[in-house]
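One structure below.
As a basis for the values below, the full set of heavy atoms in this structure was taken, side chains included, without hydrogen atoms, waters or symmetry mates.
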Amino acid sequence: TGGLDRLHSSIIKNADQDVVVDFASVCEFNQQEIATLLSINKLLTQAGHQLVLKSIAPEMRASFAALGIAHVFKYTRDRDTQSNMPDGYH
């Protein structure tokens with residue numbers, strides 16, 4: 001949660017690029033984290049950019065679908081796509 005909160009604060013100050021976040025080591029989200037992801041996505045979309053969720057587990061994506069929010073996010077499994085989440089945000 002701390003990493004997403006710091007990312008959110010950073011984006012509030014400066015949403016000047018697309019953001020790719022690697023979730024390869026994440027196996028679940030709580031409600032607060034989902035709300036933070038939705039807020040980050042909204043801020044980036046309003047600034048003409050996008051949030052891309054990389055390597056998200058199929059079970060988590062299915063949970064997003066069950067919540068009716070899977071369509072909100074962009075996804076990639078491309079191992080060559082670099083996360084541009086600043087160091088310390090993982």
(request) For L67, enumerate each residue passing the side-chain contact (heavy atoms from CB on, under 4.5 Å) test, keeping only those at least two apart in sequence or located in another chain. (result) I34, I69
(message) Could you work out, with ring-ring contact (aromatic ring centres under 6.0 Å, His included) as the rule, every residue matching F23, not counting sequence neighbours?
(response) F29
(message) Does any part of the side chain of L44, heavy atoms only, come nearer than 4.5 Å to the side chain of D18, both counted from C-beta?
(response) no
(request) Mind checking side-chain contact (heavy atoms from CB on, under 4.5 Å) for K42 and listing every partner two or more places apart, or none if nothing turns up? (result) Q46
(request) Could you tell me whether the side chain of T36 and the main chain of Q32 form a donor-acceptor pair under 3.5 Å? (result) yes
(message) Which heavy atom of L37 sits nearest to which heavy atom of L53, and what is that distance?
(response) CD2-CD2, 4.2 Å
(message) Applying side-chain hydrogen bond (donor to acceptor under 3.5 Å, both in side chains), can you list everything that pairs with S63, at least two apart in sequence or on another chain?
(response) none
(request) State, with a plain yes or no, whether a side-chain heavy atom of F73 is found less than 4.5 Å away from one of I56. (result) no
(request) Could I get the full list of side-chain contact (heavy atoms from CB on, under 4.5 Å) partners for A35, not counting sequence neighbours? (result) none
(request) Considering non-hydrogen atoms only, spot the tightest contact between M60 and E28 and give its length. (result) SD-N, 3.7 Å
(request) For A62, check side-chain contact (heavy atoms from CB on, under 4.5 Å) against everything at least two apart and list the hits. (result) none
(message) Once rounded to the nearest 0.5 Å, what's the spacing between atom NE2 of H49 and atom CG of D16?
(response) 6.0 Å
